[in-house]
Amino acid sequence: MTQPAVLPTPEDLVRHHTVYSCVMGSRAFGLATNGSDTDRRGIFLAPTALYWRFEKPPTHVDGPDDEQFSWELERFCELALRANPNVLECLHSPLVEHIDDTGRELLALREAFLSRQVHQTFSGYATSQRRKLEADVRQYGAPRWKHAMHLLRLLGSCRDLLRTGELVTDVGEDREPLLAVKRGEVEWPEVERRMDRLAAEADAAAAQSPLPPEPDRARVEDFLTRTRRASAR
């Protein structure tokens with residue numbers, strides 16, 4: 001086995017070693033309008049030989065295109081095992097743009113990442129975002145309505161995931177009520193009431209959730225180990 005003669009740039013890793021990429025944000029959530037951006041997220045597999053150097057591959061890469069962000073496979077798995085909302089939702093996007101055999105095996109594992117830990121992580125993220133919205137209301141008299149819409153979407157996703165054990169990104173019939181919030185057509189006190197209701201429903205669902213208490217870390221680690229070994233050949 002020989003080390004690569006030239007260390008690839010972060011952009012090269014994304015361009016030539018991506019195993020999975022998808023569209024996220026409003027387009028994946030079914031909330032896109034004419035002015036919506038196209039947010040792309042991806043996962044790349046850095047060649048194993050790069051880890052034999054003192055200078056290790058990056059854990060993530062911003063770019064090379066606008067609105068594009070990618071994680072190295074191991075970092076992605078670490079975050080997914082911690083039930084990071086943004087990372088988990090990537091594996092459930094309906095808008096997959098690229099996938100290879102490694103990416104397909106990762107998608108087949110996506111339930112292994114899900115556990116009741118999502119209650120804590122989704123709710124914790126929602127609480128931090130709500131505080132920012134409340135600060136905007138105090139300072140400017142109104143929240144950033146787009147962020148308020150996405151917070152309601154996240155809370156609804158958390159509740160439904162805990163109830164059913166399945167993560168669905170598309171908001172379906174909730175599209176128009178959520179877009180009304182984005183347009184500022186719903187008074188802030190009513191938005192707060194909706195947030196409170198969704199959070200309470202998620203709390204209630206957590207106690208009876210079909211999700212396991214912990215993710216299947218051993219299964220994910222086996223996948224990662226086999227993938228690293230195959231990349232070293």
Side-chain angles (χ1 to χ4, degrees), residues 24-26 28-31 39 41 71 76-94 107 109-139 142-220:
M24 286 303 300
S26 295
F29 303 145
L31 293 168
D39 299 318
R41 299 292 179 264
W71 297 269
F76 183 90
C77 289
E78 288 175 349
L79 293 172
L81 286 168
R82 297 178 196 168
N84 178 290
N86 294 323
V87 167
L88 287 178
E89 288 180 334
C90 283
L91 292 179
H92 296 262
S93 171
L107 277 194
L109 274 175
R110 60 187 183 181
E111 277 72 36
F113 295 103
L114 298 179
S115 72
R116 293 178 199 170
Q117 289 181 6
V118 300
H119 181 225
Q120 180 180 359
T121 55
F122 278 55
S123 298
Y125 181 75
T127 298
S128 68
Q129 294 303 303
R130 181 166 179 174
R131 287 173 181 159
K132 293 179 182 178
L133 293 173
E134 291 168 344
D136 286 342
V137 173
R138 289 192 297 271
Q139 185 171 359
R144 289 166 290 181
W145 291 111
K146 178 181 178 180
H147 292 193
M149 173 193 72
H150 281 299
L151 179 49
L152 286 169
R153 182 208 65 80
L154 180 70
L155 287 167
S157 178
C158 176
R159 177 201 60 188
D160 295 343
L161 172 55
L162 288 165
R163 283 177 173 175
T164 66
E166 298 180 2
L167 180 54
V168 178
T169 58
D170 194 292
V171 299
E173 62 184 17
D174 290 330
R175 171 181 163 84
E176 288 308 317
L178 286 169
L179 288 177
V181 172
K182 180 182 179 181
R183 294 190 295 264
E185 297 172 359
V186 182
E187 296 291 334
W188 173 242
E190 172 58 23
V191 173
E192 287 189 298
R193 282 191 287 272
R194 294 182 189 180
M195 290 177 180
D196 290 339
R197 174 176 55 80
L198 289 169
E201 290 173 350
D203 291 345
Q208 306 177 63
S209 178
L211 290 172
E214 303 287 337
D216 193 342
R217 186 179 183 89
R219 188 178 167 200
V220 174

Residues which pass side-chain hydrogen bond (donor to acceptor under 3.5 Å, both in side chains) with Arg193, listed by chain and number, not counting sequence neighbours: Glu190

Quick one: list whatever passes side-chain hydrogen bond (donor to acceptor under 3.5 Å, both in side chains) with Glu111, sequence neighbours left out. none

Say you draw a straight line from [atom1] of [X] to [atom2] of [Y]; how long is it, rounded to the nearest 0.5 Å?
| X | Y | atom1 | atom2 | result |
| --- | --- | --- | --- | --- |
| Cys77 | Arg217 | SG | CZ | 10.0 Å |
| Arg159 | Glu201 | CZ | CD | 5.0 Å |
| Leu133 | Ser128 | CG | OG | 9.5 Å |
| Leu79 | Asn86 | CG | CG | 9.5 Å |
| Tyr125 | Arg130 | OH | CZ | 15.5 Å |
| Gln129 | His150 | CD | NE2 | 11.0 Å |

Heavy atoms, side chains only, cut-off 4.5 Å: are [X] and [Y] in contact?
| X | Y | value |
| --- | --- | --- |
| Leu154 | Pro85 | yes |
| Leu167 | Ser157 | yes |
| Met195 | Leu155 | yes |
| Trp145 | Val191 | yes |
| Ser93 | Arg41 | no |
| Leu31 | Asp170 | no |
| Gln208 | Arg163 | no |
| Ser115 | Pro213 | no |

Has the side chain of His119 got a donor or acceptor atom that lies under 3.5 Å from a matching backbone atom of Ala206? no

Among residues two or more places apart or on two chains, list those pairs meeting salt bridge (Lys or Arg N to Asp or Glu O under 4.0 Å) that have a residue in residues 78-90. Arg75-Glu78, Glu89-Arg153

Kindly state each residue pair satisfying salt bridge (Lys or Arg N to Asp or Glu O under 4.0 Å) with at least one member in residues 114-127, sequence neighbours excluded. none

Looking at every non-hydrogen atom in both residues, tell me the closest pair between [X] and [Y] and how far apart they are.
| X | Y | result |
| --- | --- | --- |
| Ala83 | Phe122 | O-CE1, 4.0 Å |
| Ala80 | Phe113 | CB-CD2, 3.3 Å |
| Gly165 | Leu114 | O-CD1, 3.9 Å |
| Leu107 | Leu91 | CD2-O, 3.4 Å |
| Ala148 | Val181 | CB-CG1, 4.1 Å |
| Thr169 | Ala28 | OG1-O, 3.5 Å |

Atom CD of residue position Glu166 - does it have more than 12 heavy atoms of other residues, nucleotides or ligands inside 6.0 Å? no

Count the heavy atoms of every other residue, nucleotide or ligand shown that sit under 6.0 Å from CD of Glu185, and state whether that count exceeds 12. yes

Given side-chain contact (heavy atoms from CB on, under 4.5 Å), test Thr121 with Asn84 step by step and report yes or no. CA-CA 6 Å; Thr121 55; Asn84 178 290; over 6 Å; no

List in chain and number order the residues that pass ring-ring contact (aromatic ring centres under 6.0 Å, His included) with Trp71, two or more places apart in sequence or in another chain; answer none if no residue qualifies. Phe69, Phe76

Can you see whether His147 engages Asp136 through a side-chain donor-acceptor pair at a distance of less than 3.5 angstrom? no

Where do Val168 and Asp160 land on the side-chain contact (heavy atoms from CB on, under 4.5 Å) test, with the steps shown first? CA-CA 8 Å; Val168 178; Asp160 295 343; over 6 Å; no

Cut-off 3.5 Å, no hydrogens considered: what does the side-chain donor-acceptor table look like for residues 171-179, sequence neighbours left out?
from	atom 1	to	atom 2	distance (Å)
Arg175	NH1	Gly30	O	2.8
Arg175	NH1	Ala32	O	3.3
Arg175	NH2	Ala32	O	3.3

